[in-house]
Amino acid sequence: MDYNFTALEKKWQKRWGEKKIFEVKEEKKGKENFYCLEMFPYPSSSGLHIGHAFNYTIGDVYARFKKMQGFNVLHPMGYDSFGLPAENAAIKSHADPKEYTETAIKNFIKQQRLLGLSYDWTRVLMTHKPDYYKWDQFFFLKLFEKGLAYRKKSPVNWCPKCNTVLANEQVVNGKCWRHQDTDVEIRNLEQWFVKTTDYAEELLEMIEKLNWPEPIKMMQRNWIGRSEGAEVVFDIDGDKWPVFTTRPDTIFGVSFVVISLQHPRLMQLVSPDRKKEVEKFLKKMKSVKQEDLDKMEKEGVFIGRYAKNPMTNEKVPVYAGNFVVADYGSGMVMGVPAHDQRDFDFAVKYGLPMKAVIEPRDFEIYERNGQLPSAYEGDGELINSGEFTGMNNRKVIAEITKYLDKKKLGKVQVQFKMRDWLVSRQRYWGAPIPIVYCNDCGIVPVPEKDLPVLLPAKVEFGIGNPLETNEKFVNVKCPKCGMKARRETDTMDTFFDSSWYFLRFCDPQNSKKPFDFNRAMYWNPVDFYTGGAEHAVMHLMYARFFTKALRDLGFIEMDEPFTRLFNQGMIHGEDGFVMSKSRGNVVNPIDMIEKYGADALRLALVSFASPDKDTNWDENVLNGNFKFLRKLFSYFNAVKKFSKSDERMDSKINRAVKNVTDFIESMKYNYAIIEIRNLFNSFPDQTSRENLEKFLKLISPFCPHIAEEFWEKMGNKNFISVSSWPKADESRINEGFEMEEKIVERLAEDIKSVKNLISKREKPGAAYVYVIPNEKKVFEDNLDNLEKKTQIHVKIYSVSDKDKHDPLGKSKKAKPGKPAIYLE
RNA sequence: GCAGGGAUAGCGAAGUGGUCAAACGCGCGGGACUCAAGAUCCCGUCUCUUAGUGAGUUCGGAGGUUCGAAUCCUCUUCCCUGCACCA
């Protein structure tokens, strides 16, 4: 009988569905629960890619493993279905975003089923459905009530031809994605922000407690970017302008001040005669993308004002510069060219003076002509610094700050690099922000009973924001006074949707509440969360923030959403590069399933490499795994009778059970597979039913279909997927046997090697082995094994045997653990 | 630019101070089986040498630390991920 994986896999997928074995309820008393979650996908119209298959296989193996270990396992799937691609398709090819998205979802579900994933399909959620985004809006209002959502001006990419805001992705080389001849402009618009910075300190502190990969934790720390420094107040024509610095020790060296180009009060500060210059410079800036800004040369323009250094009362020029981040600190920095390379470059470019205020020991910072070769960023003694001259610069930081504080010219300040979360999107395909603007009442939240604010169907795409041009949507009565008012036309960032979806999975049909407290808390926090490292900061940070905010709003009682995080590596194309259509190296998992079956694909995906490592796709590996399954199939197919196990086999089985369990638990799936393969290879033609069943259980999380098939064939009535995971009996693991096997293996290698060497001139008929007397028994016990491995007749002597056959006197070479040999 | 990760035999990949010429898989070569191919099984697979041995050269590149380095440090090249409106 052939290994007809297609029919076999279909059969089991159908049965799992019919018997609802993966549907779960909270009420399972006496069972520990386990929440296993893979990051839900954006349902792209091109369907599942290999990275998805990898991600879901990793999670599925773990979920199945935990289920067999007796946990009540929640393993759900959903779709992050709002987002830009659907809207782009609407603009480009007049597709209806809803239809477009739902078609893609159907396709995703179909493909995911083919992988044999153990999801509870009754809990599927889709963020574009009103019964989901209603609760996005609900939470937005809660955040707003608590003062955690607010409005502020912020720069956006703007295309004058589309008459709309562009996403970073829609900006290509500074031009609009649809109009290659049109420069993107920067505009400042009123936008909604969420105060993630209120939780910055806690978000940072709690990283320590997470069972997450270290690199991700590091990236989160850096993203939050806590730094201690001082806020120093500069006087500019009578107004106080605060400047944040981590280096107050260099304050005597300030020779200019730079304000961010995106600073909301920039134009107030510019002197009238410099307005034109500054505006010209502003126009030159093409995009708000961080990487674009960084690639640009550090440039600035003098704005016609002078700032007074609070320590020296010296007046220094104020510039507007493209390298100052508006949202960090106060959006203004002090320039100390002698001790900061960026300031140094800027000063060189604009001919600004430099003044060294730190002198390193044993180092002459001025070259002979009195010029600084570069900024000196190290430590040393202060010079030219008034009463602080001669002190160590690191030690003096606190003192200078104290001094400024006493004189009310500054204060100690903790700064975070993390900025508040901009949640407004000037886009159609997202959850509408539930706010109304009334001339009399101002900003009015939509009352809870009126939620959801439905996203209108059949809108016009192409010119401007489709919600803004939709009169029916925009024109409403003020919920407070009943007069004419306008609806907010911004929708929410899709990260808003994905910040709490793991809670909704616990109670996905609830129409009264986002979720029931008890149900959510039965499962949460998520015990095991898997996804790509591309979410290292944003999604994972927003979800952590949301969890803390919802905790403080009383919706949940937990501090962190994801107890253990696992990042799978990226699978590159066979050429070693990222899979992409343009490179033509894309591998479609569905094609692979058709060719080799889902079990083989699942097995291959986790045996390529350690699942956390990036790796290159190689169809040969898949083929190799397929061959292994075919071998397995014919072996089990041929099983007619069982025999008794023996001590050696028991030792092997228990060793394998122990190792596979440990390897799965520690996410070393590739090692688990090696262990499983070795166990299979060590099976004799016949062994006990118990051994075979244990083997099937071990492989079932990886290859559930084929495992079910033979589990059934062996007469079991229920599913292997819900059977119990084998427990290793460590007392039956015999390390003596394992040692023996090693030395026997080594001896076999030696015999084979000699056999090969002499086979050129003669064909040996027998191998004579001379062992240390007390080892004789070991080799005799393994004689069959030895002959099987070497394919030659073996005769064993003790070196002390008088009547041994040893014409060349080889027996003298025998050492403990390494017998001497002679072949003829 | 900033932040994080990576580079190991023909290929993929294990290995983070000695037990390493380096697990495992693939590919390739040879043999068995077959009319033949495929499948399967066995043997081999850094180089030279050899009755199981011995020697040499390897772990992106260049230096360094150490009795000893794939493993630790410094510099360097290339690749991957994220950088706040892609999700």
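Naming: A, B, ... by sequence-line order, numbering from 1 per chain. Keep in mind that what you see is a predicted model, and the values were worked out from it rather than measured.
Atoms NE2 (A:H539) and P (B:C83) sit 14 Å apart, rounded to a whole Å. One can place CZ of A:F495 at 11 Å from C1' of B:G82, the figure rounded to the nearest angstrom. For the pair A:Q568 CD and B:G6 C1', the computed distance is 16 Å after rounding to whole Å. Straight-line distance from the CD1 atom of A:I216 to the P atom of B:A3: 17 Å, rounded to whole Å. Put simply, CG on A:N222 is 17 Å from P on B:G1, counting in whole angstrom units. The separation between A:E675 atom CD and B:A14 atom P is 17 Å, rounded to whole Å. Distance A:D614 CG to B:G82 P: 11 Å, rounded to the nearest Å. As a whole-Å value, the separation of A:Y671 OH from B:A14 P is 8 Å.
The side chain of A:N620 approaches B:C26 more closely than any other nucleotide in the set B:C26, B:A51, B:A14. The side chain of A:D80 has B:A87 as its nearest neighbour among B:A14, B:A87, B:C43. Residue A:M219 has its side chain nearest to B:G4 when only B:G4, B:A51, B:A14 are considered. Taking only side-chain atoms of A:V754, from C-beta outward, the nucleotide of B:A3, B:G52, B:A84 with the closest atom is B:G52. Residue A:P85 places its side chain closer to B:C86 than to any other of B:C80, B:A51, B:C86. Checked against B:A87, B:A84, B:A23, the side chain of A:I674 finds its nearest nucleotide in B:A23. Of the candidate nucleotides B:C26, B:C43, B:A51, B:C26 has the atom nearest to the side chain of A:D618. Comparing B:A87, B:G4, B:A51 by their closest approach to the side chain of A:K810 singles out B:A51. Residue A:A609 has its side chain nearest to B:A13 when only B:A13, B:A84, B:G4 are considered. Of the candidates B:A14, B:A51, B:C80, B:C80 carries the atom nearest the A:M570 side chain, counting heavy atoms from C-beta on.
Across all strands shown, the partner of B:G25 is B:C11, judged by Watson-Crick or G-U wobble contacts whose two distances both fall under 3.5 Å. Base pairing of B:U81: its partner is B:A3, meeting the Watson-Crick or G-U wobble criterion (both donor-acceptor distances under 3.5 Å). Nucleotide B:A32 has B:U40 as its partner under the Watson-Crick or G-U criteria, with both atom distances under 3.5 Å. With a cut-off of 3.5 Å on both Watson-Crick or G-U wobble distances, the partner of B:G68 is given as none. Using Watson-Crick or G-U wobble geometry with both donor-acceptor distances under 3.5 Å, B:G52 finds no partner in any strand shown. Applying the Watson-Crick and G-U wobble criteria (two distances, each under 3.5 Å), B:U19 pairs with nothing in any strand.
Nucleotides B:G56 and B:A21 place their C1' atoms 11 Å apart, quoted to the nearest Å. The separation of B:A69 from B:G64, taken at their C1' atoms, amounts to 12 Å, rounded to a whole angstrom. If you take atom C1' in B:C26 and the same atom in B:A9, they sit 13 Å apart, rounded to whole Å. With both ends at atom C1', the span from B:C33 to B:U45 equals 23 Å, rounded to whole Å. Rounded to whole Å, the separation between the P atoms of B:A3 and B:C11 comes to 33 Å. The separation of B:C46 from B:C67, taken at their P atoms, amounts to 33 Å, rounded to a whole angstrom. When the P atom is used for both B:U16 and B:G6, the distance is 14 Å, rounded to whole Å. The gap from the P atom of B:C73 to that of B:G18 amounts to 15 Å, rounded to the nearest Å.
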* Asked: Checking ring-ring contact (aromatic ring centres under 6.0 Å, His included) for the pair A:W500/A:Y132: CA distance, chi angles, key distance, verdict?
  -> CA-CA 11 Å; A:W500 65 281; A:Y132 186 86; 4.6 Å; yes
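Residue contacts for A:P155: at a heavy-atom cut-off of 4.0 Å it reaches no nucleic acid atom on any strand shown. Heavy atoms of A:S610 sit under 4.0 angstrom from primed sugar atoms or phosphate atoms, though from no base atom. The residue A:L422 sits close to a base: some heavy atom pair falls under 4.0 Å. Across all strands, A:V171 comes closer than 4.0 Å to no nucleic acid atom at all (heavy-atom distances). Using a 4.0 Å heavy-atom criterion, one finds that A:I821 contacts the bases of the nucleic acid, with or without backbone contacts as well. No engagement by A:M39 is indicated, since no non-hydrogen atom pair under 4.0 Å with the nucleic acid exists. Using a 4.0 Å heavy-atom criterion, one finds that A:K417 contacts the bases of the nucleic acid, with or without backbone contacts as well. Among the atoms of the strands shown, base atoms are found under 4.0 Å from some heavy atom of A:Q191. Contacts of A:W223 with the nucleic acid, taken as non-hydrogen atoms under 4.0 Å apart, include base atoms. Residue contacts shown for A:I673 are absent, as no nucleic acid heavy atom lies under 4.0 Å away. Across all strands, A:Y822 comes closer than 4.0 Å to base atoms (heavy-atom distances).
The minimum heavy-atom distance between A:R425 and A:M492, with the atom names listed, is CG-C, 4.1 Å.
Between A:E675 and A:R655 there is no salt bridge, since no side-chain N of the basic residue sits under 4.0 Å from a carboxylate O of the acidic one. Under the 4.0 Å criterion applied to side-chain N and carboxylate O atoms, A:E488 and A:R151 are assigned as salt-bridge partners.
Within residues 623-631 of chain A, the residues that place at least one heavy atom under 4.0 Å from RNA chain B are, in residue-number order, A:G624, A:K627, A:R630, A:K631.
Side-chain contact between A:L698 and A:L679 is present, with heavy atoms from C-beta onward closer than 4.5 Å. Between A:L601 and A:N625 there is no side-chain heavy-atom pair separated by less than 4.5 Å. For the pair A:V587 and A:M592, the minimum side-chain heavy-atom distance is below 4.5 Å.
Heavy-atom distances to RNA chain B give each of A:N681 and A:E534 a nearest nucleotide, and the one nearer the 5′ end belongs to A:N681. Mapping A:M218 and A:K613 onto RNA chain B via the closest heavy atom, the residue that lands nearer the 5' end is A:M218.
Judged purely by distance below 3.5 Å, without hydrogens or angles, the side chains of A:D420 and A:Y150 pair a donor atom with an acceptor atom. Side-chain contact annotation: A:S227 with A:Y328, donor-acceptor N/O pair under 3.5 Å present. For the residue pair A:T530 and A:N55, no side-chain donor N or O sits within less than 3.5 Å of a side-chain acceptor on the partner.
Note on A:T615: every side-chain N or O is 4.0 Å or more away from OP1 and OP2 of B:G12.
Sequence neighbours left out, the pairs with a member in residues 218-227 of chain A that pass salt bridge (charged side-chain N to carboxylate O under 4.0 Å, His left out) are A:E201-A:R226, A:E208-A:R221, A:E214-A:R221, A:R226-A:E228.
Between the side chain of A:D614 and the backbone N or O of A:I571, no donor-acceptor pair lies under 3.5 Å.
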